[in-house]
Each structure stands twice: as C-alpha cells, then as structure tokens.
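Down below is the structure, laid out as structure tokens.
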Amino acid sequence: MSRSRPYNFSAGPAAIPEEVLQEAAAEMLDWHGCGMSVMEMSHRGPQFESIIAQAEADLRELLRISDDYAVLFMQGGAIAENAIVPLNLSGGAKADYVVTGSWSQKSQLEARKYCDVHISASAHDEQGYGSIPDNAAWSIRPDAQYLHVCTNETIDGVEFHFVPDSHGVPLVADMSSHLLSRQIDVSRYACIYGGAQKNIGPAGLTLVIIRRDMLGHALPHCPSAFDYAVVAANHSMFNTPPTYAIYIAGLVLQWIKRQRFEGLSGLAAVEARNIAKAHLLYDALDASQLYETRVGRECRSRMNVPFHLRESALNAAFLQGAESAGLLQLKGHKSVGGMRASIYNAMPLEGVQALVDYLKDFEKHHG
Ligand SMILES: *Cc1c(COP(=O)(O)O)cnc(C)c1O
C-alpha cells in the first residue's frame with residue numbers, strides 16, 4: 001500500500017486506521033442506503049440500534065467479555081471517570097490507589113473529593129515515574145471498596161505487563177491508552193474504563209466494562225447520567241450517547257477483527273504486531289548514543305515510548321527534521337519533556353520503521 005499521509009505519532013486524539021476513515025467518508029452522506037448520515041439519525045431508531053448493538057457484540061467478542069459484565073458507552077473521558085468511579089464504587093468509604101504515573105496521580109487526587117483515599121504504592125521519585133512498585137509490597141486495605149490502577153501511563157510510558165494481585169479487593173483499571181492493543185483477562189477486573197481517542201476511535205466516547213455485581217451502589221448525589229446502574233439499565237441510552245463516535249469505534253472494532261499478522265488474526269494479530277513495533281523502536285533507542293529512555297525495561301509501554309535526546313539543544317532540530325520526513329506529533333508531554341512516540345494499533349510497522357530510520361539518520365548527522 002502506498003503512503004498517502006504522514007505517519008502520526010500523536011498520544012491522543014490519535015491516528016485512526018486509514019481504511020476506517022475511508023469507510024466513514026464513503027458513508028458520510030448516506031449510511032447503508034438509508035438517506036442519512038450517522039450523525040443525523042435518532043439514537044433510538046433501528047439504524048443506530050443496529051450500529052451500537054454490533055459495536056457491543058464485537059467488543060465482547062474481541063475481549064471475551066462474559067454476560068457477567070455490562071458494557072457502557074459513556075461520555076466525559078477518563079478524567080470524568082476519575083469522579084464517576086468513586087461516585088459509583090466507593091460508597092463514600094475507603095478506596096485504594098496505586099500511583100505509577102501522571103494519570104493515576106490525577107485519579108487519586110480527584111477521588112479524594114468523594115472518599116477516603118489511601119495510596120497503596122507510589123512509583124514517584126526524583127526522576128519522575130518509570131517503574132511499578134513490587135506488587136507483593138503494596139499496602140492494600142482489606143476493607144477498601146476497590147483498588148485503582150492505571151495499566152498504561154500514557155504520559156510516562158509505563159505499562160503493566162501483569163494483572164495485579166489485589167488480595168480480593170475489586171480491581172478497577174484505567175486502560176485508556178492500551179485497551180484493545182493486547183488481549184486481557186477481563187474476569188480479573190471489577191471495572192475497566194477508557195476514553196476512545198487513543199486506540200479505539202474519536203474523542204467523546206468512554207468505554208466502561210463493569211461486573212454487574214458492582215452496579216447499584218452509587219452515592220445518592222451521583223448524577224443519574226453518571227450512575228453506572230442507570231446507564232446499564234438504559235443500554236447506554238439514558239442520555240443521547242455520542243452516536244458518531246460509537247459508529248467510528250464500531251468500524252475500528254471491525255478493522256481489528258480483520259487484522260492478520262504472522263498467522264494470527266484479530267486481537268492476537270494486533271497484539272503481536274504491537275510487540276514487534278515496540279521491539280523495533282526500543283532496540284533502536286537502546287543501541288544509540290544520542291537517545292535515552294528512562295522507563296524500566298520490565299514495564300516499558302508498547303503504546304507510548306517517551307525518549308530524550310542527551311543534548312536537549314537538539315530537540316527543535318529533531319522535531320523539525322521529523323516533520324519534514326513525514327513523522328508528526330513526536331513532541332513529548334510538557335511535564336516530561338523530550339520526545340514521545342505513540343504507536344497505537346493504527347500505526348503500521350512501516351511507520352515505526354520510518355521513525356527508526358529517521359532516528360539513525362539524525363544521530364549520524366548530529367551524534
Ligand atoms: C488520555 C488519558 C486520560 C484522559 O482522557 P480524557 O479523555 O482527557 O478524559 C486519562 N487516563 C489515561 C490513561 C489516558 O491515556
């Protein structure tokens with residue numbers, strides 16, 4: 001396939017598979033002969049009913065989500081979930097948090113408005129974040145209503161490659177930036193949530209996968225639109241859901257199902273390709289004298305790869321050269337500095353290869 005656009009390394013809103021954008025463009029004015037754009041149809045009409053039902057069925061198939069779990073299509077992103085989770089799950093009592101990066105730090109701060117928060121473990125040190133404290137040493141209160149983790153820290157590039165042992169306390173995970181990038185065992189979690197704009201679709205849609213026994217415990221002042229039980233009982237139609245974002249996410253889910261890589265298919269193929277992409281990039285960074293990564297090897301993210309030039313005076317030239325080479329949005333988050341390459345599902349292996357070629361070329365000229 002020839003390359004019609006630059007490679008986009010944005011952390012989010014992030015690249016969407018080009019095939020999906022083309023499908024959406026082709027259906028923009030008239031979805032399946034009904035004479036309307038998806039944007040223009042009632043969320044309660046038969047057309048949209050079929051779109052959301054298919055999206056839910058595909059999500060359940062890809063992640064093997066059992067009927068013990070409700071799938072909710074919500075709004076407000078993961079930042080709203082930082083409040084929605086304690087409003088629904090804390091009972092105004094105790095909730096424990098593990099802090100492994102900027103996003104879980106934000107989560108625990110917000111939760112303090114609603115419940116008694118305890119930090120079970122924190123990975124923060126003088127260098128910032130770049131590790132996951134030994135799970136065996138986490139101090140988890142046995143009477144905590146849940147234990148919250150962020151399984152991929154988008155800003156800091158720290159990913160859990162294991163399911164934490166929460167000692168029987170319900171496990172809640174912000175998976176915004178790696179949901180659907182790898183196979184997961186949903187049954188190990190009480191609640192999984194994530195904004196769509198990293199790996200799944202456009203901004204505006206939040207996915208929540210929640211075990212049904214966790215429903216129905218919201219605090220009395222929890223807004224109805226944010227009460228998981230209300231949203232579940234109304235099949236995500238208590239208020240108007242983000243219909244167009246759900247439609248695009250549905251196309252992305254179908255795209256994931258079609259993927260093939262090294263004899264694998266669907267999510268297994270996507271995961272294998274993501275592993276190959278991450279190896280390619282980290283190997284190049286490790287081999288260089290100019291670039292460095294600060295995250296421990298055992299928790300390096302496959303999705304978000306922050307790296308620094310040893311001479312920060314070269315940052316501007318690096319970014320300018322990258323843009324000329326068709327490699328967009330490599331600037332790191334302002335709190336971490338340096339560079340960050342986000343290589344979500346929609347980034348092809350060739351895009352990572354193009355970045356690696358550029359890294360080597362730039363080092364040859366400036367190293
Ligand atoms: C992007 C992101 C968020 C914030 O998402 P919003 O849509 O801005 O609310 C929270 N957590 C993680 C892990 C993220 O990647």
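All ligand and atom numbering here is 1-based and tracks the order in the structure. Throughout, residue positions are numbered sequentially from 1 according to the sequence presented.
- Cluster membership for Tyr193 and Leu147, using ILVMFWY side-chain heavy atoms within less than 4.5 angstrom, is not shared.
- Contact annotation: for Met175 versus ligand 1, there are no heavy atoms closer than 4.0 Å.
- Proximity of Thr206 to ligand 1, defined as any heavy-atom pair under 4.0 Å, is not found for any part of the residue.
- When non-hydrogen atoms are compared, ligand 1 lies under 4.0 Å from the backbone of Ile79 as well as from its side chain.
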- Query: Ser181 and Asn274: side-chain hydrogen bond (donor to acceptor under 3.5 Å, both in side chains), yes or no, with the steps?
  - Reply: CA-CA 7 Å; Ser181 73; Asn274 286 334; 4.6 Å; no

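- Taking the six-membered ring where tryptophan is involved, the planes of His148 and Tyr146 are perpendicular, since the angle between them exceeds 60° and thus also 30°.
- The side-chain heavy atoms of Arg300 and Glu159, taken from C-beta on, include no pair separated by under 4.5 Å.
- Of all the heavy atoms of Lys106, none lies under 4.0 Å from any atom of ligand 1, so neither backbone nor side chain is involved.
- Listed by atom number, the atoms of ligand 1 under 4.0 Å from Ser176 heavy atoms are 11 (N), 12 (C), 13 (C), 14 (C), 15 (O).
- A salt bridge is defined here as a Lys NZ or Arg NE, NH1 or NH2 lying under 4.0 Å from an Asp or Glu carboxylate O, and Lys331 with Glu323 fails to meet this definition.
- Listed by number with element, the atoms of ligand 1 under 4.0 Å from a non-hydrogen atom of Ser177 are 15 (O).
- Considering only heavy atoms from C-beta on, Leu180 comes within 4.5 Å of Leu253 through its side chain.
- Heavy-atom contacts of Gly77 reach the following atoms of ligand 1: 7 (O), 9 (O) (cutoff under 4.0 Å).
- When heavy-atom distances to ligand 1 are checked against a 4.0 Å cut-off, Ala203 has no atom that comes that close, whether in backbone or side chain.
- Checking only distances, Asn152 never comes within under 3.5 Å of ligand 1, N or O to N or O.
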